[in-house]
Colleague: 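Got a structure for you, written out below as structure tokens; questions coming shortly.
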Amino acid sequence: MFEPVDSRQSFPKLEEEILEFWKRHDTFKKSVEARPEEKTYVFYEGPPTANARPGVHHVLTRAFKDLFPRYKTMRGYRVPRKGGWDTHGLPVELEVERELGIKSKPEIEEFGVEEFNRRCRESVFRYVQEWAKLTDRIAFWIDMDDPYVTYHNEYIESVWWVIKSLWDKGLIYQDRRSTPHCPRCETSLSDAEVALGYKENTPDPSVSVKFRLTEESMAALGDKLPAGGATYVVAWTTTPWTLPGNTALAVKPDATYSVFEVEGDRIVVASERRQDVPEDATEVATLAGSALVGLHYEPLYEPLSWGVPASWFDAAEDGRLVSVDDLGTVENGYVILGGDFVSLDDGTGVVHVAPAFGAEDFQMGKENGLLFIQPVDLRGNMPDGSPWAGQFVKDADAGIMGDLTERNLLLKQGEIKHTYPFCWRCDTPLLYYAKPTWYIRTTAVKDRLIESNEEINWYPEHIKRGRFGDWLRNNVDWALSRERYWGTPLPVWECTSCGAYQCVGSRADLRERAADAAAVEALDDFHRPYIDRIELKCADCDGVAKRAPELMDVWLDSGAMPYAQWNYPHENQEKFRANFPADFICEAVDQTRGWFYTLHAEAVLLNSVGEAPEPLAFRNVICTGHILDEKGRKMSKSLGNAADPWEVIDQTGADALRWYLYTATRPGDARRFSIKLVQESLRRFFLTYWNTYSFFVTYANLDEFDPTKSGPGERTDLDRWVLSELNALVKKVTEGLDEYDPTTTGRAIQDFVEDLSNWYVRRSRRRFWRGELDDDKVAAYQTLYTCLVTVAKLLAPFAPFVAEAVYRNLVCAVDKGAPESVHLSDWPEAEAELVDQALMDETRLVMRVVSLGRAARQKSQMKVRQPLARVAVMVRAAVEATALKKLEDQVLSELNAKELVTVVGAGVSSEAGGLSVEELMAGEPPWDHLAVAEDDAGYAVAVDTRLTPELADEGVARELVHRLQNLRKAAGLEISDRIVAYHGDSERVAAVLATHGDYVRAETLADELVAGDPPDGATAEPVKIEGNEVTLAVRKA
RNA sequence: GGGCGAUUAGCUCAGCUGGUUAGAGCGCGGUCCUGAUAAGACCGAGGUCGGUGGUUCGAGUCCACCAUCGCCCA
């Protein structure tokens, strides 16, 4: 016997019970360990940070992360799933800063790095319980008991090994370059981080600034200019605060520049870019850009007088910066340069060059021996001696513009809205600063990065050559260092005497190089400030080496996860080899430049130095799209439109949520989300499946049907059809999941379940309902049983709870030898010999014809309960007519008719061959007894609405059955209860029952049909039979 | 400014390598059916397949350009 099934089952409640079962039986662990170690499918968990609550978008990726490991497990693979936590980095520090109410690095130093980092360590697991709870509740099976944690010493040790491996091959270097810098966090950011923080429509000043040529340069222009007043070259910028750092201008040598006379002055702009020049200004001359090259101009400001140091790129020192006291000694101070990069698409055709800020500016400085002046500190404030002392640069813009206006050096002042980068965590506008930064030379392996990307399957596919491929093609060296506190320390020490660097790759390495080995032995935390206290012996001299103060980019941590999760190579060498590379990873698409890149880059780099066995870290990757709210807006905390996963799970259950996420759109597309849509997936799919299951259990229990104790029975066409569809489905789902496509496969399962319920079961109901357990009934049970169980298995990776519930009841209840969980069972094999394409096509045709037939009946206003004599069908080909004849039972019983006639139409329309549908199907007129429905494809169905007395009697009999069944239901009787029925004193009813009494008794499980009034206690109802009122009643026998 | 993706019914989505008829679900109005079903069937309203050109015997589908939205980059 099967457990009775509640057709009104609460799914959230059911899921809680299943969770309990899994916990009790340790099912996850068993599911991993039941599979052979030598057949491993490798999954990498991209580590989340547990310092904030998980949201729906985390459920999205976790749903996909869970599906494929479950599927592969059922396919016989061992799929270990080690959890992990990302614990370092700026987001963590920011959270702690907020708690402490502090805002800057000096405040952290004052507070104490030791205590600060202790708090960071505590805060990263603040919401770990929430994460664990949600992970568990949505049935994302992952090992949370033994996760990798990026702050563990063992993890850090592996990250050091990564750096050391690259260091030894010269792939790590320090350089002073223009680097995106967050003035609030006082640290550099990587390109990947910058990419996370672009904001559109950011307003900035747009100013055209006049630079006055020196007297000498004006003179040098000589006869190219008519005599007149001062001459100004006009440059355009959106960052007035960089103007004190200006040390050069650049023009396009082959462009034409115009000289305009404005209020006695002359101003020079590119001829194509005169939009800022007053319209009434007269052009007094034109010049080639090359004529301006080499001229000098007066600086706008004198930062040296504010106490700002100056230096210059000294060619004699290989372009290194050398400090300078007298600007006049530098030949290329405040000079106009030629540059082909100068654009005539915007601005004035003259570019303001400040080597301390822009990347190109810095490069130009180096190439041309320019002055280098950095009049802004690392917190983004103007220097003390300046008129804007202590102001944040963006605030100083206004003052600078005001000053320039007063001095009549501003040609035009406006506002521009453009896209500008902000710090991805603290939202401060980023500044580009030239400062020393450590880099990984990823450009050295750029070709290999691109090449091995070809081996990766991307879903959606366009990411491979699109977003990710582009990123690789535009690869720049990875800015590695961060000037912060909570993170993996850069394992580089610098000699205080000779400046030599050394890099450390492990604890043992550190001990060996240390000035005091005992101090390393005693070191139980590799973080700052402890690590900073370790000093090394210099390898080159007698000096002492101190650690470079920087930390590493937190993204290096996560990209090192394939090695560091095992503390490789210091331990677990076998484990590492068995688990590299990953077969499958899955994250949101924003990880393209994040984890996907760092995993890939580190694998390629390590492979290039002979340390990783393959130049790729993952073979298959699914990128999920963003989740939007109901109105298509991105979900965000600030908008307050982020959906709470718990609300959905509590209402509909996790399976429904998962199902929605799999089937609503392809994984990579952005998707609108609302609880309504999840509820729809619950109703449309789960309830249909559940009720089919509940139906089976109800009747199987009544018949004491045991699938293990009976043969296949005698299959009908209907059985063969649904088994054919089932096996076609198994094939489709298997192939689909092998191609990492849960969306179309999920939809296919959904379609099958709908057919199973709304065709197979509907058409088969009577077989379950009546009579003994004969061969036909057995076939029906076996067929439905097979369908339900097979679907449960197909469903297991998608909807692990419902699949488990159905499987446990249908399989474990009767087969004690079966695995105790669907997740321990094997994936079904498609039986190709059961797939009958012709039968499936024929059945589709039947469905189509039946649908048309219902439309015809609708038109006739004749109840479907009333049997009709004849239904005529026009099909398009003779084979279709044959097929319909073969399956005529199904057509006739669905349409409640006695006889099926088929006609082959000439093709497209009812007018084919000059004959109407009526003529084609019914022969002679008149046809007023026909109700006809046709479609555009060339099919038509007509029903004959003439009733014989026999048909009318049968209609009455069926009407009585219908009414009595309703009464049974109203009386609250069990399906198997027997009754006595009463039908008043109607002659008409009595006459019908004389011929159809057996039928009515059988249908309603009536022992007796009594004419006359019901006794007290019976459930009664007056009904109209052919217009006459009759009181019907039932009572339990 | 460049790249990628999207644009099909009020909403959520299907429409394979171009091929007779553009579909489903939800929602709305109506009719019917029902002893598995919070279900189902049928009818109805609702579509310039984002726009404009082009290739072709034939374009929702291929190409070009444009528009809008999203993401990414500069």
Colleague: Looking at A:H962, does any N or O in its side chain come under 4.0 Å of the phosphate oxygens OP1/OP2 on B:U34?
Modeller: yes
Colleague: Taking any heavy-atom pair under 4.0 Å as a contact, classify A:T692: base, sugar-phosphate, or nothing.
Modeller: base
Colleague: Write down the distance separating the C1' atoms in B:G47 and B:U8, rounded off to the nearest Å.
Modeller: 8 Å
Colleague: Could you tell me how far apart A:Y662 (OH) and B:C13 (P) are, to the nearest whole angstrom?
Modeller: 18 Å
Colleague: Does a donor on one side chain sit under 3.5 Å from an acceptor on the other, for A:T443 and A:N475?
Modeller: no
Colleague: Tell me which nucleotide among B:C26, B:C13, B:G3 gets nearest to the side chain of A:D470.
Modeller: B:G3
Colleague: Between B:G60 and B:U7, how far apart are the P atoms? Round to whole Å, please.
Modeller: 15 Å
Colleague: Rounding to a whole Å, what distance do you find between A:R473:CZ and B:G2:P?
Modeller: 18 Å
Colleague: Which nucleotide wins on minimum distance to the side chain of A:R593, given the candidates B:C72, B:U37, B:G27?
Modeller: B:C72
Colleague: Measure up the A:Y785 and A:F696 rings against each other and bin them: parallel (under 30°), tilted (30 to 60°), perpendicular (over 60°).
Modeller: tilted
Colleague: Which part of the nucleic acid, if any, lies within reach of A:Q9 when heavy atoms closer than 4.0 Å are counted: base, sugar-phosphate only, or nothing?
Modeller: base
Colleague: Could you tell me how far apart A:D6 (CG) and B:A36 (C1') are, to the nearest whole angstrom?
Modeller: 12 Å
Colleague: Please measure how far the P atom in B:G5 lies from the corresponding atom in B:C65, and state the result in whole Å.
Modeller: 14 Å
Colleague: Is B:A24 paired to anything, Watson-Crick or G-U wobble with both distances less than 3.5 Å, and if yes, which nucleotide?
Modeller: B:U12
Colleague: Give A:F696 one of three labels, base, sugar-phosphate or nothing, depending on what nucleic acid heavy atoms sit under 4.0 Å from its own.
Modeller: nothing
Colleague: By nearest nucleotide on RNA chain B, pick out whichever of A:N474 and A:V850 is the more 5' one.
Modeller: A:V850
Colleague: What is the separation between atom CG on A:N691 and atom P on B:A38, rounded to the nearest whole Å?
Modeller: 7 Å
Colleague: Please work out which of the three classes, parallel, tilted or perpendicular, describes the rings of A:Y597 and A:W478, given edges at 30° and 60°.
Modeller: tilted
Colleague: Hunt down the Watson-Crick or G-U wobble partner of B:U17, both distances under 3.5 Å, from any strand shown, or write none.
Modeller: none
Colleague: Please pick, from B:C72, B:A14, B:A38, the nucleotide with the shortest atom-to-atom distance to any side-chain atom of A:L687.
Modeller: B:A38
Colleague: Using Watson-Crick or G-U wobble geometry with both distances under 3.5 Å, which nucleotide pairs with B:G58?
Modeller: none
Colleague: So which one's nearest nucleotide on RNA chain B is more toward 5', A:R747 or A:H462?
Modeller: A:H462
Colleague: Side chains of A:D755 and A:Y760: do they bring a donor and an acceptor to under 3.5 Å?
Modeller: no
Colleague: Both distances under 3.5 Å, Watson-Crick or G-U wobble: report the partner of B:A45, or none.
Modeller: none
Colleague: With rounding to the closest Å, how many angstrom separate the C1' atoms on B:C42 and B:G18?
Modeller: 34 Å
Colleague: Measuring only the P atom in each nucleotide, how far is B:U48 from B:A9? A whole number of Å is fine.
Modeller: 8 Å
Colleague: Under 4.0 Å between any heavy atoms, over every strand shown, what does A:S757 touch: base, sugar-phosphate, or nothing? Just pick one.
Modeller: base
Colleague: Counting side-chain heavy atoms from C-beta on, which of B:G3, B:C13, B:A36 comes nearest to A:R467?
Modeller: B:G3
Colleague: Which base sits across from B:A6 as a Watson-Crick or G-U pair, both distances under 3.5 Å?
Modeller: B:U68
Colleague: If you measure from the P atom in B:C28 to the same atom in B:G10, how many Å do you get, rounded?
Modeller: 16 Å
Colleague: What is the distance, to the nearest angstrom, from the CZ atom on A:R762 to the P atom on B:G40?
Modeller: 11 Å
Colleague: What's the verdict on ring pair (Phe, Tyr, Trp, His ring centres under 6.0 Å) for A:Y781 and A:F768, showing C-alpha distance, side-chain angles and the deciding distance?
Modeller: CA-CA 7 Å; A:Y781 274 127; A:F768 294 99; 5.1 Å; yes
Colleague: Give me the distance, rounded to whole Å, that separates B:C13 from B:G29 when you measure between the C1' atoms they each carry.
Modeller: 24 Å
Colleague: Atom CH2 of A:W458 to atom P of B:G5: distance rounded to whole Å?
Modeller: 15 Å
Colleague: Please determine whether the number of non-hydrogen atoms from other residues, nucleotides or ligands lying under 6.0 Å from atom NZ of A:K446 exceeds 12.
Modeller: yes
Colleague: Rounded to the nearest angstrom, tell me the gap between atom CH2 in A:W659 and atom C1' in B:G25.
Modeller: 15 Å
Colleague: With a 4.0 Å limit, can you tell me whether A:Y693 has a side-chain N or O closer than that to the phosphate oxygens OP1/OP2 of B:A36?
Modeller: no
Colleague: May I ask you to decide if the ring planes of A:F695 and A:Y699 are parallel, tilted or perpendicular, using 30° and 60° as cut-offs?
Modeller: tilted
Colleague: To the nearest angstrom, how far is A:W690 atom CH2 from B:U37 atom C1'?
Modeller: 13 Å
Colleague: Rounded to whole angstrom, note down the C1' distance from B:C16 over to B:U52.
Modeller: 28 Å
